[in-house]
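Down below is the structure, laid out as structure tokens.
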Protein chains: 2
Amino acid sequence: MRGGMDREGDGEGKGGGDCCDMRGMLGFLILFLLSKKPMHGQELAGEIAIRKGEKKLSPGTIYPALKGLKELGFIVEERDGKTIVYSLTDKGEKALKLAKRKFIKTFFGIFPE
Amino acid sequence: MRGGMDREGDGEGKGGGDCCDMRGMLGFLILFLLSKKPMHGQELAGEIAIRKGEKKLSPGTIYPALKGLKELGFIVEERDGKTIVYSLTDKGEKALKLAKRKFIKTFFGIFPE
DNA sequence: TTATATATATCGGATACCCAATATCTATAT
DNA sequence: ATATAGATATTGGGTATCCGATATATATAA
């Protein structure tokens, strides 16, 4: 038995969460956020935590994801003191644009007018 | 110019598919589509194929997904001749509402104004 | 009845995502 | 130089998602 799933409010627990965990959208979300503002890893993890209403992603999640995007040539890194700032390459911009189009087409109509 | 469909697929990979495969969003997508119109399995698979611009989901994907949602009490089935029509329960509507809220919050700003 | 076509259901395996724990690196302070 | 704190990186493992193939069910046609 799963104790109620009705808890609301800020926590939202797994939030909306018995039907999907948004697994598989992390790379997309990172590209999107970096396209708005270059950030370093922990800053990114914090932003994602706020948006999803969850705890910060584990280092074992965020850094391999960044590494993957870097190996695809979608982002580049630049050291800035103690941190590494990631930003989109032209190729990354292009990939994001395509991914966005597919995303919007797939979920068309899901947003309130 | 700009005639026709977006060509996803050739060239640099899978077109937006290099950064995410939307794995984990299937249950959410099904709930959303069924909330707009009750459908049977193959109809649903066809609608999803059109939205994603891909081939129809394999039976091994769509039916287990529907079974899972049924076991969660989010959808019910009703036989209609040769097919089985799925529709949302009250619990499913509620879960969709929560999931939508999280989805919108997570991807806020991703849509062109 | 049998044959055919379509929808539904299940099984085995491959893939990819994500986390917890651990290790390495960098800059600053002492 | 060492110590400390924070950021970054890697490893190992659990789990859910998804596909291809196969099996079952239903309705229609002959």
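Each chain gets a letter, A, B and so on, in the order the sequences are listed, and its residues count up from 1.
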Subject >> Stepwise side-chain contact (heavy atoms from CB on, under 4.5 Å) check, F103(A) with M25(A) >> reply: CA-CA 10 Å; F103(A) 178 85; M25(A) 302 298 294; 3.6 Å; yes
Subject >> Rounded distance in Å - CG (L66(A)) to P (dA7(D)) >> reply: 14 Å
Subject >> Between P of dT17(D) and CE of M25(A), the distance in whole Å >> reply: 15 Å
Subject >> Nearest-neighbour nucleotide for the P59(A) side chain, dC18(C), dC18(D), dA21(C) considered >> reply: dA21(C)
Original post:
Just wondering, more than 12 heavy atoms not from E78(A) lying within 6.0 Å of its CD?
Top reply: no
Original post:
Atom CD of E54(A) to atom C1' of dC19(C): distance rounded to whole Å?
Top reply: 13 Å
Original post:
Side chains of L44(A) and L66(A): does their closest heavy-atom pair fall under 4.5 Å?
Top reply: yes
Subject >> Short N-O contact, R51(A) and E47(A), less than 4.0 angstrom >> reply: yes
Original post:
Nearest-Å distance, OH (Y63(A)) to P (dT26(C))?
Top reply: 14 Å
Original post:
Starting at NZ of K67(A) and ending at P of dC18(C), how long is that distance when rounded to a whole Å?
Top reply: 17 Å
Subject >> Taking every non-hydrogen atom, the tightest pair across I62(B) and G41(B) >> reply: CG1-O, 4.1 Å
**OP:** Looking at every strand, decide which applies to L57(B) at a 4.0 Å heavy-atom threshold: base, sugar-phosphate, or nothing.
**Re:** sugar-phosphate
**OP:** Identify which nucleotide among dC18(C), dA9(C), dC18(D) has an atom closest to any side-chain atom of T61(B), counting heavy atoms from C-beta outward.
**Re:** dC18(D)
Subject >> Minimum-distance nucleotide to S58(B) side chain [options: dA7(C), dC19(D), dA7(D)] >> reply: dC19(D)
**OP:** Round to the nearest Å and state the distance from I30(A) atom CD1 to dT8(D) atom P.
**Re:** 12 Å
Original post:
Considering heavy-atom distances to DNA chain C, does M22(A) or E43(B) have its closest nucleotide positioned more toward the 5' end?
Top reply: E43(B)
Original post:
Going by number, which of residues 76-87 of chain B have a non-hydrogen atom under 4.0 Å from DNA chain C?
Top reply: K82(B), T83(B), I84(B), Y86(B)
Subject >> Between P of dA16(D) and CD1 of I62(B), the distance in whole Å >> reply: 19 Å
Original post:
Atom CD1 of I75(B) to atom P of dT8(C): distance rounded to whole Å?
Top reply: 12 Å
Subject >> Side-chain heavy-atom pair L34(A), L69(A) within 4.5 angstrom cut-off >> reply: no
Mind listing the side-chain donor-acceptor pairs of residues 81-90 of chain A below 3.5 Å, one per line with the distance, residues two or more places apart or on another chain?
{"unit_1": "T83(A)", "atom_1": "OG1", "unit_2": "D80(A)", "atom_2": "O", "d": "3.3"}
{"unit_1": "T89(A)", "atom_1": "OG1", "unit_2": "G73(A)", "atom_2": "O", "d": "2.6"}
{"unit_1": "T89(A)", "atom_1": "OG1", "unit_2": "F74(A)", "atom_2": "O", "d": "3.2"}
{"unit_1": "T89(A)", "atom_1": "OG1", "unit_2": "K91(A)", "atom_2": "N", "d": "3.4"}
{"unit_1": "T89(A)", "atom_1": "OG1", "unit_2": "G92(A)", "atom_2": "N", "d": "2.9"}

Original post:
Which nucleotide in the list dC18(C), dT10(D), dT10(C) gets nearest to the side chain of L26(A)?
Top reply: dC18(C)
Original post:
At under 4.0 Å between heavy atoms, what does G60(A) touch on the DNA or RNA strands: base, sugar-phosphate, or nothing?
Top reply: base
